[in-house]
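Counting from 1, the numbers follow the sequence of the chain as shown. Note that the structure is predicted; figures quoted are calculated from it, not measured. Start at 1 and go down the list; that is how both ligands and their atoms are numbered.
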Amino acid sequence: MKRFNLFFTMFVALLFAQVGFSQTMVGTSHDFSGDTWNATGEICIVCHTPHNAITSVAEAPLWNHQVTAVTNYALYASSTTNATIGQPDASSKLCLSCHDGTVAMENFGATNNGTHFMTGPSLVGTSLANDHPVSFTYDAALATTDGGLWDPATHPSGIPGSGGTIATDMLIGGKMQCASCHDVHNSGGVTSLLLKSNAVSALCLTCHKK
Ligand code: HEC
Ligand code: HEC
Ligand code: HEC
Ligand code: HEC
């Protein structure tokens, strides 16, 4: 019996040690459970629904939040850019459905007349001209033309616990998106909901050969 208790204690201890590695959304900026405008008190429902999901955005994961109607964002441009930067698509369009400030937080499910819009430093707005570009293809050809980028197909992402490459861990359908740098669900527990720490610019140096 003593021995059983010992093993049981060890098992429970291991279980908790395991849980300690993966962080959750609870308590992050995306935990909306305590917001006055979220009557349900649920976290996921503000963005996802198991039924009757919005399908107008390609690859939207069972999406429940009203999608931004903006189609003419000002885009980043420079004489040294080699990428063909398009209007935000896929998951970046979902981020901007709160972060461009045009759609209210509580506009999910059947609600479409909310009054709580994004303000403050998290407001990205409808001009992306001063933001790192997203929604363009990042492949070996771009890396060669640019000269200062790693080949995403072979260069490791360096994300703790993953042996994957930039392409497998950071690009979505071969494209650079907001989610190439951010983890909306805070899986890694890194500040600013980043995919990996940017200490000593580690995040930037994952792709940029500088
Ligand atoms: C603030 C909005 C937001 C909230 C809240 C949110 N998600 Fe997501 N979720 C997204 C976005 C955007 C994507 C697509 C981009 C990505 O995967 O990073 C996504 C993708 C997913 C996916 C598919 C891809 C993957 O990561 O496996 C699953 C499953 C998922 N979410 C589950 C959940 C669950 C469960 C909750 C609640 C605990 C939740 N999400 C809360 C925005 C959200
Ligand atoms: C349902 C609305 C909603 C969606 C969709 C959404 N966000 Fe947010 N996000 C918020 C709110 C609200 C905050 C907190 C703003 C504040 O504190 O003023 C926030 C904060 C953040 C922050 C700052 C985190 C911090 O702690 O400093 C980042 C980064 C972020 N979001 C990235 C994303 C990305 C990337 C996506 C898409 C993959 C996304 N968000 C989708 C509503 C949303
Ligand atoms: C190339 C990487 C990268 C991309 C792409 C990216 N971000 Fe960020 N973002 C960061 C970093 C790093 C920070 C941490 C704070 C900083 O350095 O400004 C950040 C901070 C933020 C914040 C918090 C701002 C604050 O001052 O509190 C929000 C909100 C945010 N990002 C949203 C987005 C959205 C939405 C997109 C897509 C349109 C996006 N990010 C694309 C790297 C990126
Ligand atoms: C997931 C890969 C990835 C990450 C992470 C990343 N970038 Fe980029 N970045 C790119 C790609 C690809 C381009 C497009 C380059 C081009 O068009 O020649 C780019 C473009 C840029 C540009 C514009 C270059 C120009 O010619 O105008 C700057 C500056 C930049 N990134 C800085 C950063 C910084 C700073 C960080 C960290 C906060 C960062 N990047 C993180 C992939 C990344």
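When atom types are taken as modelled, the side chain of S157 and the backbone of I159 share a donor-acceptor pair closer than 3.5 angstrom. Put simply, the side chain of S33 never gets that close to the backbone of G41: no donor and acceptor are under 3.5 Å apart. Side chain of H99 to main chain of S122: a donor-acceptor pair is present (N/O by atom type, distance under 3.5 Å, no hydrogens or angles). Proximity of a side-chain donor or acceptor of N112 to a complementary backbone N or O of N107 within less than 3.5 Å is not detected.
Closest to atom 35 (C) of ligand 1 among all protein heavy atoms lies C44 SG, 3.6 Å. The nearest heavy-atom contact from the protein to atom 1 (C) of ligand 2 is C98 SG, 2.7 Å. With hydrogens left out, the protein atom closest to atom 24 (C) of ligand 2 is S29 OG, 3.4 Å, a heavy atom. In this structure, the protein non-hydrogen atom closest to atom 22 (C) of ligand 2 is L193 CD1, 3.9 Å. For atom 3 (C) of ligand 1, the closest non-hydrogen atom of the protein is C47 SG, 2.7 Å.
Residue-ligand proximity, S122 to ligand 2, at heavy-atom distances under 4.0 Å covers atoms 15 (C), 20 (C), 23 (C). Ligand 2 places these atoms under 4.0 Å from at least one heavy atom of C178: 35 (C). Atoms of ligand 3 lying under 4.0 Å from at least one heavy atom of L194, given by number and element, are 10 (C), 11 (C), 12 (C). Residue W63 approaches ligand 1 through these ligand atoms, each under 4.0 Å from one of its heavy atoms: 10 (C), 11 (C), 12 (C), 42 (C). Taking every heavy atom of L94 and a limit of under 4.0 angstrom, the matching atoms of ligand 2 come to 5 (C). For ligand 2, the atoms sitting less than 4.0 Å from at least one non-hydrogen atom of V46 are 1 (C), numbered in the order shown with element in parentheses. Every atom of ligand 3 with a heavy atom of V134 under 4.0 Å away is listed here by number and element: 5 (C). For ligand 1 and P61, the ligand atoms under 4.0 Å from any heavy atom of the residue are 13 (C), 14 (C), 19 (C), 20 (C). Of all atoms in ligand 2, listed by their number and element, those nearer than 4.0 Å to a heavy atom of C95 are 34 (C), 35 (C), 36 (C), 37 (C), 38 (C), 39 (C), 41 (C). If you number the atoms of ligand 1 from 1 as listed, the ones under 4.0 Å from a heavy atom of I43 come out as 5 (C).
Contact annotation: H48 places an N, O or S atom under 2.8 Å from atom 8 (Fe) of ligand 1. For residue H185, an N/O/S atom approaches atom 8 (Fe) of ligand 1 to within less than 2.8 Å.
Under a hydrophobic clustering in which Ile, Leu, Val, Met, Phe, Trp and Tyr are joined whenever their side-chain heavy atoms come within less than 4.5 Å, directly or via other members, M170 and W150 fall into the same cluster. Residues L94 and I45 fall into different hydrophobic clusters, defined by Ile, Leu, Val, Met, Phe, Trp and Tyr side chains chained together at heavy-atom separations under 4.5 Å. Tracing side-chain contacts under 4.5 Å through hydrophobic residues (I, L, V, M, F, W, Y), one reaches L194 starting from M176; they form part of the same cluster. Both F136 and I166 sit in one connected hydrophobic cluster of ILVMFWY residues. Membership requires side-chain heavy atoms under 4.5 Å apart, directly or through other members.
Taking any N or O of S91, backbone or side chain, none lies under 3.5 Å from an N or O belonging to ligand 2. Residue contacts with ligand 2: H65 is placed with no nitrogen or oxygen under 3.5 Å of a nitrogen or oxygen of the ligand (distance criterion only). The N/O atoms of H182, backbone and side chain alike, include none that comes under 3.5 Å of an N/O atom in ligand 2.
Using a 4.0 Å threshold on non-hydrogen atoms, atom 10 (C) of ligand 3 counts as touching the protein. Within a 4.0 Å radius of atom 18 (O) of ligand 3, the protein has no heavy atom. Inside a 4.0 Å radius of atom 6 (C) of ligand 1 there is at least one protein heavy atom. Within 4.0 Å of atom 27 (O) of ligand 1, not a single protein heavy atom is present. Distance screen at 4.0 Å: atom 41 (C) of ligand 3 has a protein heavy-atom neighbour inside the cut-off.
Ligand 2 is approached by M118 to a heavy-atom distance shorter than 4.0 Å. Ligand 3 has no atom lying under 4.0 Å from any heavy atom of D131. By the 4.0 Å heavy-atom criterion, S192 is counted among the residues contacting ligand 2.
Annotation for T115 and E106: closest pair N-OE2, 3.0 Å, computed over non-hydrogen atoms. Here the closest heavy-atom approach between residue A140 and residue P152 is recorded as N-CD, 4.1 Å.
Closest approach between atom 8 (Fe) of ligand 2 and any N/O/S atom of H30 involves NE2.
Side-chain contact between L96 and L128 is present, with at least one heavy-atom pair separated by less than 4.5 Å. Side-chain contact between D183 and V190 is absent, with no heavy-atom pair separated by less than 4.5 Å. Looking at heavy atoms from C-beta onward, Q87 lies in side-chain contact with Y73 at the 4.5 angstrom threshold. In this structure the side chain of L195 never reaches within 4.5 angstrom of the side chain of C181, judged on heavy atoms. Inter-residue side-chain proximity for V46 and N64 is flagged as unmet; no heavy-atom pair is nearer than 4.5 Å. Considering only heavy atoms from C-beta on, C95 stays 4.5 Å or farther from H182 through its side chain.
Which of C181, S92, P88 comes nearest to atom 2 (C) of ligand 3 through a heavy atom is settled by distance: it is C181. Across the listed options H99, K93, Q66, H99 owns the non-hydrogen atom lying nearest to atom 32 (C) of ligand 2. Comparing F108, F117, F32 against atom 12 (C) of ligand 2, the shortest heavy-atom distance belongs to F32.
Remark: W63 CH2 to H48 NE2 distance equals 5.5 Å, nearest 0.5 Å.
Checked by atom type, the side-chain pair T206/K196 shows a donor-acceptor distance below 3.5 Å.
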